[in-house]
Number of protein chains: 2
Amino acid sequence: MANFQKGKVDIVAVAKAAKVSPSTVSRTFNHPDLVNPATRKKINRAIQRLGYIRNRAAQTMHGKRSGTIGLVVPTINHAIFAEVIQAFSDSIDRDGFSLLLASHGYDLDREYAMVRKLLEHRVDGVALVGLEHSEATARLIEQQKTPALAIWNYAEDSTLPCVGADNRLAGRLAAEHLLNLGHRNIGLIFPKTDGNDRAQHRLSAVHEALSKMGVSVPDEHESEAPYSVSQAKQAAITLLTKRSRPTGLLCGNDVIAQGALFAAQNLGLKVPDNLSIIGIGDFKGSSDIEPGLTTVRIPAEAIGKLAGERFTDYITSDEPAPFRICCELECVVRGTTSPASNS
Amino acid sequence: MANFQKGKVDIVAVAKAAKVSPSTVSRTFNHPDLVNPATRKKINRAIQRLGYIRNRAAQTMHGKRSGTIGLVVPTINHAIFAEVIQAFSDSIDRDGFSLLLASHGYDLDREYAMVRKLLEHRVDGVALVGLEHSEATARLIEQQKTPALAIWNYAEDSTLPCVGADNRLAGRLAAEHLLNLGHRNIGLIFPKTDGNDRAQHRLSAVHEALSKMGVSVPDEHESEAPYSVSQAKQAAITLLTKRSRPTGLLCGNDVIAQGALFAAQNLGLKVPDNLSIIGIGDFKGSSDIEPGLTTVRIPAEAIGKLAGERFTDYITSDEPAPFRICCELECVVRGTTSPASNS
DNA sequence: AATAGTATTGCAAATGTTTTCATAAATTCG
DNA sequence: CGAATTTATGAAAACATTTGCAATACTATT
């Protein structure tokens, strides 16, 4: 009953208390089957009594896995990513891993810095959002031989293993929905596309789908807004008060779509009668607003969960096989779109 | 040019490449002023050339700080916490710390498990949300002498250092706003209060404020809903279709208030003419919906930022002084509340 | 030119584990 | 009952750093 509180409780203190060697204590943790049940009990009691907590750092140093996985996202504070992070976190937690989280605010240089930082902590793997990353980041990952994963995007030719959705398809589906409803006069609100391949893919696919039907978007109907409800609302108000008004609005994601919806309500426009709005994402909440938002559903939770599962498998496997998983998209039709009034 | 790629680059490899001793390399990182600028340059070149990345695990083992801070939240996937997490993360990042994030889904036993897990990683400190935690958790923190911090709640008598807001005050402010507008027939929608002291404090303060004015809430006007827009919407619809309908609805937070607003719109009730709604929180987005949500603003971002700053100070300080910081609340009046129609 | 001081570097011990190898004890088998 | 296994444990080396101490080289002072 000497140094119980001292916080200096290590494996040898436990060993001493249980009158065994440190090796045996270690084994009790790592290969319980190799130690006599009786001694095991003794040791566990000692652990209990001393309040011993294993030191992952020491294990890590020994070449064992650190038990941490790094996740680098553009931003935490977005329905989109919060959902993925949650699912990813829960998923890897189930396999005993802890989450080292970092965000870079859509700045690929900061992303590099974050990855580096995580590498210093010897994460067992690092997951990034999207497939577009700086040369330096790619080199770093390559050189350190750290297992890496791209989340959120899918591409059949991605260099990194990936779990995500095909954003081009998402864009196309959204465009086709509006086209099928007869809309030909379509407005676009998207975020900046540099350093954001998701947005870029969606946008280019939208343009493609539209022009395939002979529809082109006049400059004044194409607007840029960040993923912020209030800023998107502003942008939408500007767009909707131009001389000519589109009958359909295709938004880069649900946050923007929500902003657009509020803008319309604010301007006294009836949605969907005077204006159809479609988003991309189907975030938590998109189904709840009035009217429910029509959108292309990207299964964030499924992606996060799946990514976590597959990544821990990948990391713990002896001879890991790269993988690319494409999650299903679907156009969820709710209350913000209706056939174009044939004027 | 032998084992550049081998990933086996450690401090001694660097030392060899720079023709100095490992100690000197170590010093270049930790006490640059103690090493000759010329050697420093040599060493830096070697580091560069070999792509060496420091091993935090080895440092940690040496008693140095691990450079990680643990944050345990009820859930990541909520506007409320996402905002705090983001601010906290940015804040500690500025001081070179990394974030180990875990969530427990409002389960205090899981919270304990998460804290334990973080302790295994030898976090330099652990931040928890709220002031209500299990005995075991408290004991763990106490025993390990790990710096700990309570975020989000403020209490003048908290055992842990804390940075947050006074939730009782928040509840009172919300109640008083409705009372001042003349409402006497008030409905309440709150989440379950066990394991959630924020909600509990708010609710009890609301009741107090109301009864001080002689207002009591009939059972059928008091409803329970989790922090989910859709479920809150359901609960609100149920509540608002009872025989007697309140003129004012006070919601446990903005998510619930948003649900209530949608419910009202869904039922064809005019807000605020037929029904006033007030939330608590002022989450991102609350100002954007139509009409803008009246709410008691809890400065999540400020709390996260401040918490991060103060906590890193606390951790790095030689003789840390406990602190308790109470962040300002304010009632933000927007479009969902108006004077009670004096019937 | 000898002395004292200072600046720079290296040596070696220490940090908390895991694991290989060796040893001892217990069990099985012919 | 002795030999051959099997089971259970311990000793010691290894992991990648940091740091106190000692040694060396250099500078300034007299």
Side-chain angles (χ1 to χ4, degrees), chain A residues 3 6-44 46-47 50-68 96 119-124 144-146, chain B residues 3 6-44 46-47 50-68 119-124 144 146:
Chain A
N3 58 350
K6 274 301 288 171
K8 301 292 298 163
V9 192
D10 61 359
I11 212 177
V12 359
V14 173
K16 211 165 288 176
K19 298 189 203 311
V20 295
S21 76
S23 335
T24 309
V25 179
S26 173
R27 261 189 294 259
T28 318
F29 281 116
N30 299 300
H31 314 282
D33 42 312
L34 291 186
V35 25
N36 189 317
T39 12
R40 212 159 42 187
K41 197 167 291 174
K42 257 196 325 191
I43 291 174
N44 282 324
I47 288 171
L50 300 187
Y52 168 70
I53 294 190
R54 302 173 74 179
N55 186 335
R56 282 315 255 276
Q59 302 187 118
T60 303
M61 254 209 37
H62 214 74
K64 291 202 76 148
R65 277 190 289 276
S66 71
T68 55
L119 257 22
E120 291 191 353
H121 289 290
R122 294 298 187 264
V123 289
D124 297 326
Q144 298 303 120
K145 304 196 190 314
T146 309
Chain B
N3 59 351
K6 273 301 287 172
K8 302 292 298 163
V9 193
D10 62 358
I11 213 177
V12 1
V14 174
K16 211 165 289 176
K19 299 189 204 309
V20 295
S21 76
S23 337
T24 310
V25 179
S26 172
R27 263 189 291 259
T28 316
F29 281 116
N30 299 300
H31 315 280
D33 41 312
L34 291 187
V35 26
N36 188 317
T39 10
R40 212 158 42 187
K41 196 167 293 175
K42 258 196 321 191
I43 291 173
N44 282 323
I47 288 171
L50 300 187
Y52 169 70
I53 294 190
R54 303 172 73 177
N55 187 335
R56 284 314 258 272
Q59 302 186 119
T60 303
M61 252 209 37
H62 217 74
K64 291 202 78 149
R65 277 191 289 275
S66 71
T68 56
L119 256 22
E120 291 191 351
H121 288 290
R122 295 298 188 263
V123 289
D124 297 326
Q144 298 302 121
T146 309

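All chains are named by letter (A, B, ...) in the order of the sequence lines, taking the proteins before the strands, and each is independently numbered beginning at 1.
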Inset, instruction - Can you tell me the distance, in whole Å, between the CG atom of B/L34 and the C1' atom of D/dA23? - result: 16 Å
Legend entry - Whole angstrom value for the distance that separates C1' of D/dA16 from CG of A/L119: 16 Å
Inset, instruction - Determine: side-chain N/O of B/R56 to OP1/OP2 of D/dA16, distance under 4.0 Å, yes or no. - result: no
Legend entry - Length of the line joining A/D33:CG and D/dT6:C1', which is rounded to integer Å: 14 Å
Inset, instruction - Could you tell me whether A/F29 contacts a base, only the sugar-phosphate backbone, or nothing, with contacts defined as non-hydrogen atoms closer than 4.0 Å? - result: nothing
Inset, instruction - Could you check how far CD1 of A/I47 sits from C1' of C/dT17, rounded to whole Å? - result: 14 Å
Legend entry - Between A/S21 and A/T24, a side-chain donor and acceptor under 3.5 Å: yes
Inset, instruction - Give the minimum heavy-atom separation between A/S66 and A/V123, together with the two atoms involved. - result: OG-CA, 3.8 Å
Legend entry - Given C/dG10, C/dT17, D/dA16, the nucleotide with the shortest approach to the side chain of B/K8: D/dA16
Grab the N/O contacts between the protein and nucleotides 19-26 of chain C below 3.5 Å, and write none if there aren't any.
| from | atom 1 | to | atom 2 | distance (Å) |
| --- | --- | --- | --- | --- |
| C/dT19 | OP2 | A/H31 | NE2 | 3.3 |

Inset, instruction - Answer yes or no: is there an ion pair linking B/E120 with A/R56, defined by an N-O contact shorter than 4.0 Å? - result: yes
Inset, instruction - Report which part of the nucleic acid A/V12 touches: base, sugar-phosphate, or nothing (heavy-atom distance under 4.0 Å, all strands). - result: nothing
Inset, instruction - Let me see the working for B/T39 and B/K42 under side-chain contact (heavy atoms from CB on, under 4.5 Å), right down to the final yes or no. - result: CA-CA 5 Å; B/T39 10; B/K42 258 196 321 191; 3.9 Å; yes
Inset, instruction - Please tell me which of B/A58 and B/N36 maps to the more 5' nucleotide of DNA chain C, matching each residue to the nucleotide holding its nearest heavy atom. - result: B/N36
Legend entry - B/V35 side chain, from C-beta outward: closest of C/dT17, C/dT9, D/dT17: C/dT9
Legend entry - Whole-Å distance separating the NZ atom of B/K19 from the C1' atom of C/dT9: 16 Å
Inset, instruction - Would you mind reading off the distance between A/N55 atom CG and C/dT15 atom P, rounded to a whole angstrom? - result: 13 Å
Legend entry - 5′-ward residue of the pair B/P37/B/M61 relative to DNA chain C: B/P37
Inset, instruction - For side-chain contact (heavy atoms from CB on, under 4.5 Å), just list the numbers for B/I53 and A/R122, CA-CA rounded to whole Å, side-chain angles, deciding distance to a tenth of an Å, and then say yes or no. - result: CA-CA 9 Å; B/I53 294 190; A/R122 294 298 187 264; 3.7 Å; yes
Inset, instruction - Classify the nucleic acid contact of A/T39 as base, sugar-phosphate or nothing, counting any heavy atom under 4.0 Å across all strands shown. - result: sugar-phosphate
Inset, instruction - Respond yes when some side-chain nitrogen or oxygen of A/Q59 is under 4.0 Å from OP1 or OP2 of C/dT17, and no when none is. - result: no
Legend entry - Distance, nearest 0.5 Å, that separates CG of B/D10 from CG of B/N55: 9.0 Å
Legend entry - Worked verdict on A/N30 versus A/R54 for side-chain contact (heavy atoms from CB on, under 4.5 Å): CA-CA 11 Å; A/N30 299 300; A/R54 302 173 74 179; 3.1 Å; yes
Legend entry - d(CD, A/E120; P, D/dT18) in whole Å: 11 Å
Inset, instruction - Ignoring the backbone of B/S21, work out which of C/dG10, C/dT17, C/dG16 is nearest its side chain. - result: C/dG10
Inset, instruction - Return the value, rounded to whole Å, for the distance between atom CZ of B/R40 and atom C1' of C/dT9. - result: 14 Å
Legend entry - Considering all heavy atoms, the nearest B/F29-B/I47 contact: CZ-CD1, 3.6 Å
